[in-house]
Every structure is written in structure tokens, then in C-alpha cells.
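To start, the structure itself, in C-alpha cells.
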There are 2 protein chains.
Amino acid sequence: MAEVSGHTVKAFDADINNMRTLISQMGGLCESQIKASIEVLTRRDAAKAMDIIAIDERIDALEIECEKLAVQTIALRAPMAGDLREIIAVLKISSVLERVGDYAKNIAKRATVLSQNPHAQPVVIIPEMGTLVAKMLSDALDAFVARDVELAKNVVARDQVVDDYYAALFRSLLTFMMEDPAHITPSMHLLFVAKNLERIGDKATSIAEMVFFAATGEQILHRPKGDDVALAALSDRSS
Amino acid sequence: MAEVSGHTVKAFDADINNMRTLISQMGGLCESQIKASIEVLTRRDAAKAMDIIAIDERIDALEIECEKLAVQTIALRAPMAGDLREIIAVLKISSVLERVGDYAKNIAKRATVLSQNPHAQPVVIIPEMGTLVAKMLSDALDAFVARDVELAKNVVARDQVVDDYYAALFRSLLTFMMEDPAHITPSMHLLFVAKNLERIGDKATSIAEMVFFAATGEQILHRPKGDDVALAALSDRSS
């Protein structure tokens with residue numbers, strides 16, 4: 001049923017390349033948004049937060065463009081199962097990146113509020129988490145483009161480090177909150193910022209898992225989720 | 001290119017019906033999981049939490065089944081643009097429902113930890129939020145099946161009520177935490193439970209928005225997100 005003439009195959013390749021370009025653009029934007037949102041937090045640069053919110057709309061627009069192109073390609077080229085799976089993967093990754101953009105935007109918003117709070121203390125773990133998850137995301141997308149299984153496995157392994165950072169931050173913020181009621185509000189913000197970063201790490205991991213599955217047909221072994229880690233941290237104190 | 005003989009059209013209809021059945025099953029499970037997770041919270045029934053965690057795996061399996069069927073249908077039937085859009089919508093909804101299942105599971109886990117904490121006070125707002133978002137989800141799926149634009153609009157409108165509940169709970173938990181350091185840990189759990197419910201409301205809303213868009217070709221006007229509401233609540237206190 002599908003045409004396999006040179007012309008149609010080339011047209012399909014062009015379509016899939018366009019989709020990959022859109023994914024790269026989205027990925028690049030997400031990475032710079034994560035970094036920018038952490039800068040808002042550390043430099044108290046509230047003007048930059050407005051830029052971040054504006055740029056997020058471009059990520060949303062790219063997702064819609066990607067979906068349109070995917071539907072057009074499937075409808076016009078009637079791709080075979082393998083090509084179809086690749087298009088579905090692109091669709092899923094574009095939707096994951098759209099969420100990552102939202103997390104970065106949420107961090108920027110909270111960072112703006114935090115910048116006005118005299119009790120907000122700079123927490124060194126948060127910028128480190130930010131750098132880590134931005135790199136995980138860029139590596140996961142590189143693994144997708146190059147179909148690099150080893151790099152994908154490496155990204156999945158790093159998720160544990162993000163979870164460890166999150167659990168450590170969680171404990172220290174709890175202690176800080178208990179010291180003085182004035183610490184509660186800024187600590188809650190920082191906790192939600194860290195939760196957003198932890199989720200970006202989860203999203204990068206899920207892209208890496210897709211790359212691994214596409215290449216090997218097997219799922220990477222189940223890993224503990226960030227939420228379990230935080231619960232374990234909390235259970236220590238609630239007993 | 002696509003075959004339009006009666007036989008193939010019927011086969012396509014059977015496929016799409018199977019996908020809709022899978023979505024209904026996932027939706028029904030999600031709804032009962034939300035209710036069960038709130039029961040764990042209010043009745044301190046920790047054994048039930050284990051059931052919820054086990055049942056979540058069935059939701060995950062249904063999503064994978066749905067995706068397989070979608071890819072098969074596209075590959076075998078080469079559907080026209082309209083049918084293709086419907087399959088893509090099913091794929092998106094199944095992925096949204098998988099997330100909803102995760103949120104319910106997270107609530108059950110936190111509820112288990114909370115049930116051991118003597119300072120956890122039953123907060124009446126949370127069961128109300130639970131009932132509200134479970135109904136929003138079931139209405140959003142009904143709107144999808146019946147292509148009911150009015151019901152979809154109604155679901156979107158209710159999201160504001162969820163956000164109002166969340167903001168009210170947020171403020172009262174902040175006050176409760178400031179009263180006594182022993183209140184901090186259980187309040188953080190309750191806040192994360194409420195955040196999960198608020199996200200389920202967002203997911204139901206996004207399904208309703210898809211139904212509206214598919215029927216009218218237009219986006220429903222932009223609504224404020226839960227995170228903005230919580231930030232507004234916090235800003236009052238951080239100034």
C-alpha cells in the first residue's frame with residue numbers, strides 16, 4: 001500500500017528530518033530555559049523571568065508544529081511500522097519537552113517571588129541540580145539523534161544522583177523550616193523549585209528509556225522514582 | 001492510497017472502538033483509584049494503599065496496549081486525516097490517564113505515611129477536592145466519547161473551583177505550620193496530596209480542551225494555572 005519509489009522515500013526522509021530539527025530546537029530552548037530560570041534564582045534577576053515566560057510560548061508553538069507535521073507525514077506517506085514508530089517517538093518527545101518548558105517557567109515564577117523574600121537563603125544544591133538535569137536532557141536528546149544506547153543508559157543512571165540531591169535538600173529545608181516560622185514560606189518555594197528540577201530529571205530519563213527501548217526492544221530495569229525518595233526522607237521524621 | 005472498501009472501513013471502526021474501550025477502562029480505573037487514595041487518607045487504611053499501587057500497573061499496561069493498537073491501526077489501515085487525528089487524540093488521552101494513575105498512586109503513598117503521624121489533622125477540603133476532580137475526569141471522558149462540547153466547556157469551568165480549593169488549603173496549611181514545628185511534616189504531605197489532586201484537575205481539563213478543539217477547531221480561552229494561584233497565595237505572605 002505504501003509507495004516505495006525514490007521520490008516518496010526522499011520526501012519521507014525530509015519530513016522526519018524536519019521533525020528532528022523541531023525536536024532539536026525545542027531541546028535547545030528547554031536547556032537554555034532551565035539555565036535561565038536558575039539564574040533568576042541565584043542573581044535575583046526578576047526582569048529575566050519575564051523573558052522566560054515569553055520564550056515558553058515558542059516551545060509550545062514548536063510542539064504544535066511538530067504534531068501537525070507528524071499527522072501530515074503519516075497521512076501523506078503511509079509509513080511502514082518502523083518509520084511510524086519513529087514518528088510516534090518524536091510526538092512523545094515533543095510532548096515531554098513541552099512539559100520541561102513548563103517546569104522551567106514555574107521555576108522562574110517562584111524565583112521571582114523568592115527574590116523579594118529576605119529570609120530566602122541561597123541553597124547551593126539547587127544550581128547544581130539545575131546544571132545536572134540540563135545536561136541529562138541534552139544528553140538524552142543526543143542519544144535519541146545518534147541512537148546511542150550507551151549514552152541513554154548513562155542518562156538513566158544519573159537520575160539517581162538527582163534523586164539523592166533532592167532528598168538531601170528536602171531534609172535540610174525541613175530542618176530550616178522548623179528553626180523559625182519565617183523560614184517556612186521561602187523554604188516551600190525552594191522545595192517546589194527542587195521538585196520541578198527533579199521532574200525535569202525524570203523527563204530526561206524517560207526520553208533515554210525510549211531510546212533504549214527503540215534500540216533494544218527491552219525496558220531498562222525499574223528505577224525508584226523521586227517521590228519515593230522524598231517519602232523515605234519524610235518517613236524518618238514522621239515516625 | 002487508503003482502501004475505502006466496506007470491509008476495511010468496518011475493520012477501522014472495530015479498531016477505533018477497541019481503542020475507545022481501552023480508554024474507558026483506563027478512565028474507570030483512574031476514577032476508582034482517586035477515590036480509593038482519598039479513602040486511604042481519611043480512613044487511615046494502609047492495606048488499601050498496597051492495592052492501589054498494584055492496580056496502577058494495570059493502568060500502565062493498558063496505555064501500552066493502547067499505543068500498540070494505535071500503531072497497528074495506522075500501519076494497517078492508512079487512515080485519512082480525520083481518523084488519524086482521532087487516533088492521535090486517543091494516544092494523547094491514554095498518556096494523560098497514565099499520569100493521572102501515577103498521581104493517585106502518589107496520594108496513596110503519602111496517605112500511608114500520614115496515617116502514622118499523630119499531628120496529621122483531617123482536612124475536609126481534600127476529600128472534597130478528590131470528589132470534584134474524579135467527577136471532572138469522568139465527565140471529560142464522557143464528553144470525549146459523546147463529542148459533547150457543552151460538557152467539555154463545563155469541565156474546563158470547574159477547574160477554577162479546584163484551584164480555589166487548592167489556594168485555600170495552601171493558606172490554611174501555611175498557618176498551621178507556623179503554629180508549631182511538629183505540624184510541618186504532616187502539612188507538607190497534605191500539600192503534596194493537594195498538589196496531586198490539583199494536577200488531576202488540570203489533566204481532566206486538558207482532555208476537555210482536546211474535545212473542544214476537535215469539535216470546533218478553536219482553543220478555549222486561556223485559563224490561569226494552579227501554580228499561579230498558589231504563587232498568588234504565597235506572595236501575600238512573602239511580602
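In what follows, chains carry the letters A, B, and so on, assigned in the order in which the sequence lines appear, proteins first and then strands, with residues in each chain numbered from 1. These numbers come from the heavy atoms of this one structure, side chains and all, not from hydrogens, waters or symmetry mates. Note that the structure is predicted; figures quoted are calculated from it, not measured.
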Which atom pairs, donor and acceptor, lie under 3.5 Å between side-chain atoms of residues 46-72 of chain A and protein residues at least two apart or in another chain?
unit_1  : atom_1 : unit_2   : atom_2 : d
A:Lys48 : NZ     : A:Glu39  : OE1    : 3.4
A:Asp56 : OD2    : A:Lys105 : NZ     : 3.4
A:Glu67 : OE1    : B:Lys92  : NZ     : 2.6

*Not counting sequence neighbours, which residues clear side chain to side chain contact (heavy atoms under 4.5 Å, CB included) with B:Asp180? List them please.*
B:Ala182, B:His183

*Using non-hydrogen atoms and a 4.5 Å limit, figure out which bit of B:Ile74 sits close to chain A: side chain, backbone, both or neither.*
both

*Do A:Ile87 and A:Ile16 have side-chain heavy atoms sitting under 4.5 Å apart?*
yes

*Are B:Arg171 and B:Phe176 in a cation-pi setup, meaning NZ or CZ lies under 6.0 angstrom from the ring centre and within 45 degrees of the ring axis?*
no

*Which of the residues A:Ile184, A:Ile88, A:Leu191 is involved in the greatest number of heavy-atom pairs with chain B at under 4.5 angstrom?*
A:Ile184

*Examine whether an atom of B:Leu91 lies under 4.5 Å from a heavy atom of chain A, and if so say whether it belongs to the side chain, the backbone or both; otherwise answer neither.*
side chain

